[in-house]
Participant: 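One structure is given below, represented as structure tokens, and several questions about it will come after.
Chain identifiers are assigned alphabetically (A, B, ...) following the order of the sequence lines, protein sequences preceding nucleic acid strands; residue numbering begins at 1 within each chain.
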Amino acid sequence: MSFGLSIRGITMDASDVLSLCKRRGFLYPSYEIYGGVAGLYDYGPLGTAMRNNIVEIWRRLYTLGEGFVEIDSETIGPEVVFKASGHVDEFADKMVKCKVCEEAYRADHLIGDRHPNPGSLKETELDELIRKNGIACPGCGGELSSVEEFNLMFKTVIGPGSGRVGYLRPETAQGIFVNFPSLYRYNREKLPLGVIQVGRGYRNEISPRQGVIRMREFNMMECELFVDPEDKGWPRFKDVKDEKLKLLANDGRELEISVGEAVEQGIICNQVLAYFMWFTQEFLKAIGVDGARLRFRQHEKDEMAHYAADCWDAEALLSFGWTEIVGIADRGCWDLSRHIKFSGVDMSAFKRFDTPQEVERDVIKPKYGVLGPKYKALGSKIGKAMEATDPSLIQNDSVTVEVDGQSYVLGRECFDVARVKEKVSGVKVIPHVIEPSHGLDRITYTCLEHAYTKKEDMEMLRISAAIAPIKFGVFPLMARDELDKVAMDIDQEIRYSGIETYYDDSGSIGRRYARMDEIGTPYCITVDYQTLEDGTVTLRERDSQAQIRVKVQDITIVARAALCGANLDQFVVGESRA
RNA sequence: GCGGGCGUAGUGUAGUUGGUUAUCACUUAACCUUGCCAAGGUUAGAACACGGGUUCGAAUCCCGUCGCCCGCACCA
């Protein structure tokens, strides 16, 4: 594919990156002293710091930038939540496999109409039906294995004894949906309402592979944006409509196109989805994901999740191939509708009209004076039922209502039809949900792999300064003659100003620079003999290896300016060094 | 779950017709040295995945377990 060609030449072995990550404290395989567990990884000191930086940038973009709110919901949920979300049925498939061709099938599908409700059967019952009916592999006719449940959610029990069945959440999203009524009230009953959540999700993957790309316990940053279903525009869309996106549409087209055109041409189904695709792209670039190795791929129609109306994945090119790191879906009203159905709670939003509308309509007015004597105690019940009946249902001058399971036909003598005026100040709508959902571990790993460079056995991470776990290395050129003391003071001053540093006085200066390069520290400050004479130090930039001299007294201001990517010329004293 | 491959210091490795104290490099730490990009020296630390068997003797052969990697399948 054409996006691949532009990056040909960057060949990467994930094991190099993972090896460095383990060696330098970014990632450790979990429980390694016991042999490890596939699909579980721990973040080391540097990995944790870096991931925290990514989360903080993301959080600020959504809360400060877009005015969204953040919540933190539980990771354990009762079964009904995941019945409503569809995960219980989607996850807990009863599977059989052909012993010959190894094709896997859903057991209940194979039963077909040999049973009225195959989906309700237990494994042993399914087994029995398959054997009794001599059902074989539909593909090759081979013998089938016994039925096994493939449950990709971690099941648990809430409370002692037999308790309630619960699951570890497979996504953070449901925690937002179930809180929608409270959040909507919090937002003073207005749409749009954006809610974000950062947290862990759990999926008992059959076969986790590829390092942190598919984990059994993983970190997500999810946003659920509730919008008016009839208005999927976005106020800031006009500001970004000329920005470019690289798209791989599900009609097979690959194109680089502006956000505005993509919506006009119907490639992306609405403004708000397109806006957040751009927003996602900017976020990813800001933390150091390589734009040349980033694209958006539209889900195939049959690939689309059970809830999605349209879905685009932000994919990064990694050594494993193009890998989904963010999914941006229009989930329509699916989630809220399901929770309405399962909980019985009204989770609609009230869409107030600008001016209340007067609506005239006909209503049935029962004549209680006639109903009472005729039906006695049932009279008022029948009357209420008649009031609730639409006058268009009147047939042959009579209306039929059902009360306590009994039908009553009421003739014209029992009611009038009257025209009434009603004030309607709005309508109830079920909000639609736009969901940018980020795989935090995959994003973190992408930053590491895209930052990884190797020159003649020298490995380094060109991590963006914004997310680098250590911002400044501080060294004395020699650990003597007071140089170390001065360097320690500078180190402390920068740390106390809120910037992460690493003090190092062991080994040659080159080795110390190399150590910092390897963990992606963008800048190093070195105290040398000139420092003692004129109060200046060298500031060395990682990628260019260029050095400038700056005043010790300016050091925290310079440090801050450097991290913001500001031009440092105004701080330079004397000659710079290549 | 199936098929294949593989488990030796933090990392990468040598070592299998069974044979003394398990090789080398990098890394790490301490000291010396070192006036800006992985210099050098001395010393130190650190490994045969686990369990059982065969044998006078097992990293090496056999059996089992566990784990990892790759493919198949699965992937909301």
Participant: Could you tell me how far rC68(B) sits from rU23(B) if I compare only their C1' atoms? Round to whole Å.
Facilitator: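 Pairwise C1' distance, rU23(B) against rC68(B), rounds to 25 Å.
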Participant: Please measure how far the P atom in rC48(B) lies from the corresponding atom in rC2(B), and state the result in whole Å.
Facilitator: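 Straight-line distance between the two P atoms is 30 Å.
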Participant: Please give the distance between the C1' atoms of rG64(B) and rU21(B) as a whole number of Å.
Facilitator: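 Each nucleotide's C1' atom is 31 Å from the other's.
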Participant: Using side-chain hydrogen bond (donor to acceptor under 3.5 Å, both in side chains), reason through Tyr41(A) and Asp441(A) one step at a time and then give a plain yes or no.
Facilitator: CA-CA 10 Å; Tyr41(A) 279 84; Asp441(A) 310 288; over 6 Å; no
Participant: Stem list for RNA chain B, please, built from Watson-Crick and G-U wobble pairs under 3.5 Å and keeping only runs of at least 3.
Facilitator: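 Stems found: B:1-7 with B:66-72, B:10-12 with B:24-26, B:28-32 with B:40-44, B:49-53 with B:61-65.
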Participant: Over how many whole Å does the gap from Tyr529(A) atom OH to rU34(B) atom P extend?
Facilitator: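 Nearest whole value for this atom pair: 10 Å.
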Participant: For residues Gln197(A) and Thr172(A), report the shortest heavy-atom separation together with the two atoms involved.
Facilitator: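 Minimum heavy-atom contact is NE2-O, 3.2 Å.
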Participant: Check whether more than 12 heavy atoms from other residues, nucleotides or ligands sit under 6.0 Å from atom CG of Leu532(A), and answer yes or no.
Facilitator: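 Counting other residues, nucleotides and ligands, CG of Leu532(A) exceeds 12 neighbours.
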Participant: Looking at Tyr523(A), is its backbone amide N or carbonyl O close enough to the side chain of Thr521(A) to form a donor-acceptor pair, meaning the two atoms are under 3.5 Å apart?
Facilitator: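 A pair under 3.5 Å: no.
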Participant: Would you check if the distance from the ring center of Trp312(A) to the ring center of His299(A) is below 6.0 Å?
Facilitator: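 For Trp312(A) and His299(A), the ring centres are not under 6.0 Å apart.
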Participant: In whole angstrom, what separates Phe218(A)'s CZ from rC75(B)'s P?
Facilitator: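 Rounded to the whole Å, the gap is 16 Å.
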Participant: If the P atom of rC61(B) is compared with that of rG5(B), how far apart are they to the nearest Å?
Facilitator: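 Each nucleotide's P atom is 15 Å from the other's.
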Participant: What residues, two or more places apart in sequence or in another chain, satisfy ring-ring contact (aromatic ring centres under 6.0 Å, His included) together with Phe226(A)?
Facilitator: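 In terms of ring-ring contact (aromatic ring centres under 6.0 Å, His included), with neighbours along the sequence ignored, Phe226(A) is linked to Phe180(A).
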Participant: For the pair made of CG in Leu483(A) and P in rU34(B), what is the distance, rounded to whole Å?
Facilitator: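 It is 14 Å, rounded to the nearest whole Å.
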Participant: Could you list the residues that satisfy salt bridge (Lys or Arg N to Asp or Glu O under 4.0 Å) with Asp505(A), not counting sequence neighbours?
Facilitator: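 Asp505(A): no salt bridge (Lys or Arg N to Asp or Glu O under 4.0 Å) contacts found.
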Participant: Can you check the Met478(A) CE to rC32(B) P distance for me, whole Å?
Facilitator: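 Spelled out: CE on Met478(A) to P on rC32(B) is 13 Å.
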Participant: Rounding to a whole Å, what distance do you find between Ile213(A):CD1 and rC70(B):P?
Facilitator: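 For the pair Ile213(A) CD1 and rC70(B) P, the rounded distance is 11 Å.
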Participant: Rounded to whole angstrom, note down the C1' distance from rG10(B) over to rU28(B).
Facilitator: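 Comparing C1' positions in rG10(B) and rU28(B) gives a spacing of 8 Å.
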Participant: Expressed in whole Å, how much space separates the P atoms belonging to rA49(B) and rG12(B)?
Facilitator: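 Nearest-Å result for rA49(B) against rG12(B) at atom P: 14 Å.
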Participant: Could you tell me the separation between the CZ atom of Arg216(A) and the P atom of rC75(B), rounded to a whole number of Å?
Facilitator: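 Value for this atom pair: 16 Å.
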Participant: Between Asp505(A) (CG) and rC37(B) (C1'), how many Å, whole number?
Facilitator: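 Rounded to whole Å, this separation is 17 Å.
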Participant: Heavy-atom count around Gln492(A) CD within 6.0 Å, excluding the residue itself: above 12?
Facilitator: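 For Gln492(A), atom CD is crowded (more than 12 foreign heavy atoms under 6.0 Å).
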Participant: Please report whether the ring centroid of Phe475(A) lies less than 6.0 Å from that of Tyr513(A).
Facilitator: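 Ring centroids of Tyr513(A) and Phe475(A) are less than 6.0 Å from each other.
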Participant: What integer number of Å spans the P atoms of rC74(B) and rU65(B)?
Facilitator: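 About 27 Å, rounded to a whole number of Å.
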Participant: Indicate the ring-plane relationship of Phe279(A) and Phe276(A), choosing parallel, tilted or perpendicular according to the 30° and 60° boundaries.
Facilitator: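 Phe279(A) vs Phe276(A) ring planes: perpendicular.
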Participant: Each nucleotide N or O in nucleotides 7-14 of chain B that has a protein N or O under 3.5 Å away: list the pair and distance.
Facilitator:
{"residue": "rU11(B)", "atom": "OP1", "partner": "Lys22(A)", "partner atom": "NZ", "Å": "2.7"}

Participant: If you find the nucleotide of RNA chain B closest to Arg540(A) and the one closest to Ala479(A), which residue's nucleotide is nearer the 5' end?
Facilitator: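 This one resolves to Ala479(A).
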Participant: Rounded to whole Å, how long is the line connecting atom CG of Asp481(A) with atom P of rG35(B)?
Facilitator: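 Taking atom P of rG35(B) as the reference, CG of Asp481(A) is at 11 Å.
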Participant: Salt-bridge test for Arg442(A) and Glu315(A): reply yes if a basic N is under 4.0 Å from a carboxylate O, no otherwise.
Facilitator: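 Answer for the salt bridge query: no.
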Participant: Does NZ or CZ of Arg297(A) fall inside the cone over Trp322(A)'s six-membered ring, less than 6.0 Å from its centre and within 45° of the axis?
Facilitator: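 Pair Arg297(A)/Trp322(A) does not count as cation-pi.
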Participant: Please assess Gln174(A) against His339(A) for the test side-chain hydrogen bond (donor to acceptor under 3.5 Å, both in side chains), listing each intermediate value before the final yes or no.
Facilitator: CA-CA 10 Å; Gln174(A) 298 308 320; His339(A) 286 298; 2.8 Å; yes
Participant: Applying side chain to side chain contact (heavy atoms under 4.5 Å, CB included), run through Arg495(A) and Asp491(A) and close with a yes or a no.
Facilitator: CA-CA 6 Å; Arg495(A) 269 188 292 118; Asp491(A) 175 67; 3.0 Å; yes
Participant: Both Gly507(A) and Phe320(A) contact RNA chain B. Which one's nearest nucleotide lies toward the 5' end?
Facilitator: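 The residue mapped nearer the 5' terminus is Gly507(A).
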Participant: Pick the P atom in rU27(B) and in rU17(B), then give their distance to the nearest Å.
Facilitator: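 Approximately 33 Å lies between the P atom of rU27(B) and that of rU17(B).
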Participant: Could you run down the sub-3.5 Å N/O contacts of the protein with nucleotides 44-50 of chain B?
Facilitator:
none

Participant: Do Thr536(A) and Asp534(A) have side-chain N/O donor and acceptor atoms under 3.5 Å apart?
Facilitator: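 Distance-only check passes for Thr536(A) and Asp534(A).
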Participant: If you restrict it to nitrogen or oxygen atoms, what contacts under 3.5 Å exist between nucleotides 38-42 of chain B and the protein, and what is each distance?
Facilitator:
{"residue": "rA39(B)", "atom": "OP1", "partner": "Arg511(A)", "partner atom": "NH2", "Å": "3.2"}
{"residue": "rA39(B)", "atom": "OP2", "partner": "Ser508(A)", "partner atom": "OG", "Å": "2.4"}

